[in-house]
Amino acid sequence: MHQQRSEPHLSPSSDTEDIVALLAPRLAYFAGVARTEHVTRAAQEMQVPQSTLSRAMVRLEQDLGVDLFARRGRTVSLTPAGRTFLASVERALAEIERAADAVRADADATSGKVAFGFLHTMGSETVPGLIRAFRADHPRVRFSLVQNYGEAMIERMRAGELDLCLTSPVPDAPDLVARRLDEQKLRLVVPADHRLAARKRVRLAEAADETFVTLEPGYGLRRITDDLCQQAGFRPRVAFEGEEAETLRGLVAAGLGVALLPPPAVPRPGVVELTVTAPRAAREIGVAWLDGHPDTPPVAAFKKFLLSRRGNLLPD
């Protein structure tokens, strides 16, 4: 009768993931024994039973199929294979230690990091003002900032690259939590010499025959533009598509079309911005994060801060 081993054993065809799962728990033990060249001393330093350490080293050699130690009682010395293995193990353990230090630092309540995404149109004024106000009470919190359109930011949140994001329209998805924070009026931007430039207000239907410059499909503002034009009874004739609102303003100033855009941080020469009276032209701005995703203390603090700015998010 042979007793069957309950632990898995490596074969030459084992996958890399299997090898890592079996070897990783023993690497620190191996490095400790290699450093002291004495099983008892290593066990005392690592505060584990000597028998546990001895068995771990035997099993490690069995799994690798290589002798790592030459043994003389409780004293051991590395074989050539052991020295080769030790060099890589020490690099791997150092990398794990650096990774652990990094995630602990990012989660630190006073000096941790927030990965924050936001729309391009909020990069010049809104977000810098928000971060300045937040850091008045949290001066050491760090930020990793990402500017992108809404769908791209949401995908990056799902991939674990962002903690939360400011976006528009406010998303509605089962895996997200989203909160409306504010509303931003949109204007019809026309060239300074346009037939409507002398007006202050305009119905969007009056631009039905105009050429539009818009953001590319997939951008929230593009969807809002298309929806508003549909409500006004027409489909916009799009001549140029871009990725950034101020580029569109430049195209309007050059006489290449009109655009529906949020107010600029700084007035742009060569264009006139008209209030749209019908349909009601505005976009909701909201904050979104993954449902059930645990927050580090700095992320929780920044999320609480953003929610406290409901109705007062955007600069006057």
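Note that the coordinates shown come from a computational prediction; the quantities given were computed from them, not determined experimentally.
Of the possible polar contacts, none joining the Asp163 side chain to the Val299 backbone as a donor-acceptor pair under 3.5 Å is found. With hydrogens and angles ignored, the 3.5 Å screen pairs no side-chain donor or acceptor of Ser54 with any backbone N or O of Ser51. A donor-acceptor pair under 3.5 Å is absent between the side-chain atoms of Arg309 and the main chain of Leu181, judged by distance alone. Using a distance-only test at 3.5 Å, with no hydrogens or angles considered, a donor-acceptor pair links the side chain of Thr79 to the main chain of Asp67.
Residues that satisfy the ring pair (Phe, Tyr, Trp, His ring centres under 6.0 Å) test with His138, not counting sequence neighbours, are Phe134. Applying the side chain to side chain donor-acceptor pair (under 3.5 Å) criterion to Gln50, with sequence neighbours excluded, gives Thr40. The ring pair (Phe, Tyr, Trp, His ring centres under 6.0 Å) check on Phe116 picks up Phe118, Phe302, with sequence neighbours excluded. For Arg91, there are no salt bridge (Lys or Arg N to Asp or Glu O under 4.0 Å) partners at least two apart in sequence or on another chain.
In this structure, the side chains of Glu90 and Leu93 stay at 4.5 Å or more apart for every pair of heavy atoms. Two residues are said to be in side-chain contact when any heavy atoms from C-beta on lie closer than 4.5 Å; Gln231 and Leu228 meet this criterion. Side chains of Val39 and Val76 form a contact here, defined as non-hydrogen atoms less than 4.5 Å apart. Side-chain contact between Leu248 and Val189 is absent, with no heavy-atom pair separated by less than 4.5 Å. Leu260 places a side-chain heavy atom less than 4.5 Å from the side chain of Leu204. Inter-residue side-chain proximity for Arg283 and Thr121 is flagged as met; some heavy-atom pair is nearer than 4.5 Å. Contact check for Arg310 versus Arg179: side-chain heavy atoms found under the 4.5 Å cut-off. Using a 4.5 Å heavy-atom threshold, the side chains of Leu166 and Leu130 count as touching.
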| query | Going through the distances and angles, do Leu261 and Val252 end up as a side-chain contact (heavy atoms from CB on, under 4.5 Å)? | reply | CA-CA 11 Å; Leu261 296 173; Val252 173; 5.5 Å; no
| said: The test is side-chain contact (heavy atoms from CB on, under 4.5 Å); show your working for Val190 and Leu274 and say whether it passes. | reply: CA-CA 8 Å; Val190 302; Leu274 307 175; 4.3 Å; yes
| task | Evaluate side-chain contact (heavy atoms from CB on, under 4.5 Å) for Glu161 paired with Ser144, printing each intermediate quantity in order. | result | CA-CA 10 Å; Glu161 298 174 14; Ser144 173; over 6 Å; no
| field | Audit row: His194, Val272, side-chain contact (heavy atoms from CB on, under 4.5 Å) steps and yes/no | value | CA-CA 9 Å; His194 192 270; Val272 174; over 6 Å; no
With a cut-off of 3.5 Å and sequence neighbours excluded, list every side-chain donor-acceptor pair involving residues 284-291.
| from | atom 1 | to | atom 2 | distance (Å) |
| --- | --- | --- | --- | --- |
| Glu284 | OE2 | Arg180 | NE | 2.9 |

Let me check something: any side-chain donor-acceptor pairs from residues 214-224 under 3.5 Å, sequence neighbours excluded? List them with distances.
| from | atom 1 | to | atom 2 | distance (Å) |
| --- | --- | --- | --- | --- |
| Thr214 | OG1 | Arg222 | NH1 | 3.1 |
| Arg222 | NE | Asp226 | OD1 | 3.4 |
| Arg222 | NE | Asp226 | OD2 | 3.3 |
| Arg222 | NH1 | Leu215 | O | 2.9 |
| Arg222 | NH1 | Glu241 | OE2 | 2.9 |
| Arg222 | NH2 | Glu241 | OE2 | 3.4 |
| Arg223 | NH1 | Gly218 | O | 3.4 |

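Between the CZ atom in Arg280 and the NZ atom in Lys185 there is a gap of 7.0 Å [rounded to 0.5 Å]. With rounding to the nearest 0.5 Å, the separation of CG in Leu314 from CD in Gln184 is 5.0 Å. In this structure, OG1 in Thr126 is found 11.0 Å from CD1 in Ile131, a value given to the nearest 0.5 Å. Separating the CD atom in Glu244 from the CD atom in Gln147 is a distance of 8.0 Å, to the nearest 0.5 Å. With rounding to the nearest 0.5 Å, the separation of CD in Glu246 from CG in Leu251 is 11.0 Å.
Using a 4.0 Å cut-off between a side-chain N of Lys or Arg and a carboxylate O of Asp or Glu, Asp108 and Arg104 do not qualify as a salt bridge. A salt bridge links Arg195 with Glu210: the distance from a Lys NZ or Arg NE/NH1/NH2 to an Asp or Glu carboxylate oxygen falls below 4.0 Å.
Shown here for Leu188 and Ala207, the closest heavy-atom pair between the two residues is CD2-CB, 4.0 Å. Leu53 and Ala43 get closest at one heavy-atom pair: CD2-N, 3.5 Å. When all heavy atoms of Gly311 and Asp182 are compared, the closest pair comes out as C-OD2, 3.6 Å. When all heavy atoms of Leu162 and Gly117 are compared, the closest pair comes out as CD2-N, 3.9 Å. The two residues Ala31 and Leu86 come nearest to each other via the heavy atoms CA-CD1, 4.2 Å. The two residues Phe234 and Ala205 make their nearest non-hydrogen contact at CE2-CA, 4.1 Å.
By the neighbour-count criterion of 12 heavy atoms within 6.0 Å, atom CZ of Arg71 is densely surrounded, having more than that number from other residues, nucleotides or ligands. Other residues, nucleotides and ligands contribute over 12 non-hydrogen atoms within 6.0 Å of the CZ atom of Arg199. For CZ of Arg201, the number of neighbouring non-hydrogen atoms (other residues, nucleotides, ligands) closer than 6.0 Å is 12 at most. Annotation: Asp101, atom CG; neighbour count of heavy atoms from other residues, nucleotides and ligands within 6.0 Å is above 12.
Residues Tyr149 and Met122 do not share a hydrophobic cluster, defined by chaining ILVMFWY side chains whose heavy atoms lie under 4.5 Å apart. Val170 and Met157 fall into different hydrophobic clusters, defined by Ile, Leu, Val, Met, Phe, Trp and Tyr side-chain heavy atoms under 4.5 Å apart, directly or through other members. Each of Val141 and Val103 belongs to its own hydrophobic cluster when Ile, Leu, Val, Met, Phe, Trp and Tyr are linked at side-chain heavy-atom distances under 4.5 angstrom. No continuous path of hydrophobic side-chain contacts links Val58 to Leu78 [ILVMFWY only; heavy atoms under 4.5 Å].
Among residue pairs with one or both ends in residues 292-303, those qualifying as side-chain hydrogen bond (donor to acceptor under 3.5 Å, both in side chains) are Asp295-Lys303; sequence neighbours excluded. The salt bridge (charged side-chain N to carboxylate O under 4.0 Å, His left out) analysis of residues 137-151, with sequence neighbours excluded, yields the pairs Asp106-Arg142. Sorted by first and then second residue, the ring-ring contact (aromatic ring centres under 6.0 Å, His included) pairs involving residues 49-74 (not counting sequence neighbours) are Phe30-Phe69. The salt bridge (charged side-chain N to carboxylate O under 4.0 Å, His left out) pairs that include a residue from residues 28-42 are Arg35-Glu45, where partners are two or more places apart or lie in different chains. Sorted by first and then second residue, the salt bridge (charged side-chain N to carboxylate O under 4.0 Å, His left out) pairs involving residues 255-266 (not counting sequence neighbours) form an empty list. Within the structure, every pair that satisfies the salt bridge (charged side-chain N to carboxylate O under 4.0 Å, His left out) test and touches residues 265-279, not counting sequence neighbours, is listed here: Arg187-Glu273, Arg249-Glu273.
With no hydrogens or angles considered, a side-chain donor-acceptor pair links Thr211 and Arg237 at under 3.5 Å.
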